[in-house]
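Notes to accompany the following structure.
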Amino acid sequence: ALSLALGGVVAALGGCVLASTVFDSDAAWPLAVIAMMVMVGGIGAGLAGAFSLIWFFGGEYAARRLERLSDEDW
């Protein structure tokens, strides 16, 4: 999940840079489409990795917190 999140961020930034250079020049439109696909795919991969990390570690944190709170009540 961490590699997916980091790879997605790198791909999104790379796609953003590629898209900006392609649109500044008089390149063919298929290159612009590929650049946008890389950017959107990178954003999706980064979000998927981040959400899976939050889901896994957030659930573990909540379970530990609930266990500690229930121990303190008794």
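Nothing fancy with the numbering, it's 1 onward along the sequence. Remember, predicted model here, so these are calculated numbers, not experimental data.
- Counting all heavy atoms, side chain and backbone alike, A50 lies closest to A5 at N-CB, 3.9 Å.
- Summarising the geometry of A11 relative to G42, their closest heavy-atom pair is CB-CA, 3.8 Å, with the distance given to 0.1 Å.
- Rounding to the nearest 0.5 angstrom, the gap separating the CG atom in L2 from the CZ atom in F57 is 8.5 Å.
- Atom CD of E67 sits in a sparse spot, with 12 or fewer heavy atoms from other residues, nucleotides or ligands closer than 6.0 Å.
- Atoms CG and CE, from L18 and M36 in turn, are 9.5 Å apart once rounded to the nearest 0.5 Å.
- Between the CG atom of L53 and the CG atom of L4 there is a distance of 8.5 Å, given to the nearest 0.5 Å.
- Heavy-atom minimum distance, G8 versus A45: CA-CB, 3.9 Å.
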